[in-house]
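Take a look at the structure below.
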Amino acid sequence: MKKQINLLLSLATVGIFAVTGLAVSQQNAQAKSATVKIGTHSVPRDYLNTDTYYKTTKKVSVNAHWFASNKEFSTKLTLPKGTVITGKTQMIQVGKKWKSGLLLNKKNNLRYKYIKSGIDKGYSLAQIDTTNKAAFSKVKTPTFVPTYSHGNLTIGGTSAIGSSSSKSVQFTSDGYVEVHTNTNKSYNALAYYRTPSASVKITKTSVKGSYRYIYTKTKIKGLTTKHVKTTGNYRYRLTLKNQHKPVFLAGDPDNDLQAAYYSLYSLGGKTYFTQIAQEAE
């Protein structure tokens, strides 16, 4: 009897230590997952540029809000069924009431075709929103989007970050490669979103290690691609390579500039950068 009691006590002790060990392990895992390593920096996950992607389940009309100088106004935009767009849930003001909805395209990674009506007139897009959440379903991040990027890349290496640029490339949320040539070298939203010199549909993407191979049916003006097939939808291949050389740019609190992190990529054989994280304000 005494041996049985001792055995039960031993088993109970082991169980307590096992549960305690599991709890500690879970806490450690949670603490570890709260940050990611970027170069030599441990960066909180909420600093990362993580977008949520949605696809329209039907043709839907959304609200676009514009501004230019002292003028602000709204228009309707129509998104066809199957359009992929970034977004997040948020309360939207409708008249004097607030309703649950979606704030869409916050990082301006929708194709130029949908916003050209305002951009061509010199307006800036403030936001797109809708309360018709039923018309959108969550989907995975497209494979052609670089990790922690909004899909926008600017030509140049470390020394070019924060400077004016002559070329930028956008992998749009709805699956196009758009090349923007900023002839006046102004580094602003209107320069970035003026009429692209190329807008080509992505037909396929494959990922192998540090490389993303992006296929199109036609050439992409302004980017070097490889002609791999003479027929079909995968005739040209654009290579995007992560150089794994993260860059940290210190902030300037006096000028309300937050510290930010960037990744360098080779795109068509030339170096580009994209922001992947930014410290909270």
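Everything quoted here is computed from the prediction, not taken from an experiment. The analysis underlying the following values was restricted to heavy atoms, covering all of them including side chains, and did not include hydrogens, waters or symmetry mates.
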When you measure from the side chain of [X] to the backbone N and O of [Y], does any donor-acceptor pair fall under 3.5 Å?
X	Y	value
T225	K219	no
S173	V84	yes
Q170	H150	yes
S69	K71	no
N49	Q275	yes
K167	G222	yes
S197	V179	yes
T56	G82	yes
S168	L153	no
R212	T143	yes

Heavy-atom pair of closest approach, residues [X] and [Y]:
X	Y	value
F67	A126	CD2-CB, 3.9 Å
S210	H244	OG-NE2, 2.9 Å
K217	G232	CG-O, 3.6 Å
T147	Y265	N-OH, 3.7 Å
D51	S149	OD2-O, 4.1 Å
R235	H227	O-CD2, 3.2 Å

Same cluster for [X] and [Y] if Ile/Leu/Val/Met/Phe/Trp/Tyr side chains link at under 4.5 Å?
X	Y	result
I119	Y176	no
L223	Y215	no
Y112	V62	yes
Y213	L238	no
Y211	F171	no

_Neighbour count >12 (heavy atoms, 6.0 Å) for atom CD, Q90_ = yes

Nearest-0.5 Å distance that lies between atom [atom1] in [X] and atom [atom2] in [Y]:
X	Y	atom1	atom2	answer
F136	L104	CZ	CG	5.0 Å
D46	E279	CG	CD	10.5 Å
I115	D120	CD1	CG	9.5 Å
Q93	K99	CD	NZ	12.0 Å
L267	K241	CG	NZ	13.5 Å
T89	L102	OG1	CG	7.0 Å

Is [Y] close to [X] at the side-chain level, that is, under 4.5 Å between some pair of heavy atoms?
X	Y	value
Y236	V200	no
Y148	T50	yes
I155	T271	no
V169	I220	no
L125	N105	yes
Y53	V145	yes
V60	T83	no
P80	K59	no

[X]-[Y] side chain donor-acceptor pair, cut-off 3.5 Å:
X	Y	value
T172	D174	yes
T86	N109	yes
K226	T239	no
N152	Y272	no

*Begin from the C-alpha positions of I276 and I38 and carry the test side-chain contact (heavy atoms from CB on, under 4.5 Å) through to its verdict.*
CA-CA 10 Å; I276 57 174; I38 299 180; 3.9 Å; yes

*Show your reasoning for whether side-chain contact (heavy atoms from CB on, under 4.5 Å) applies to S74 and N63.*
CA-CA 7 Å; S74 299; N63 306 307; 5.7 Å; no

*Aromatic ring centroids of F73 and Y123 under 6.0 Å?*
yes

*Anything under 30° is parallel, anything over 60° is perpendicular, the rest tilted; go ahead and classify Y261 against H41.*
perpendicular

*K138 vs T52, side-chain hydrogen bond (donor to acceptor under 3.5 Å, both in side chains): CA-CA, chis, key distance, verdict*: CA-CA 7 Å; K138 282 186 181 180; T52 301; 5.5 Å; no

*Show the numbers, then the answer: is there a side-chain contact (heavy atoms from CB on, under 4.5 Å) between I92 and K133?*
CA-CA 11 Å; I92 305 296; K133 294 194 295 184; over 6 Å; no

*Do H65 and E72 pass the side-chain contact (heavy atoms from CB on, under 4.5 Å) test, and can you show the C-alpha distance, the side-chain angles, and the key distance before you say yes or no?*
CA-CA 7 Å; H65 305 282; E72 296 181 10; over 6 Å; no

*Measure from NZ or CZ of K229 to the centre of the six-membered ring of Y234 and say whether it is under 6.0 Å with the direction within 45° of the ring axis.*
no

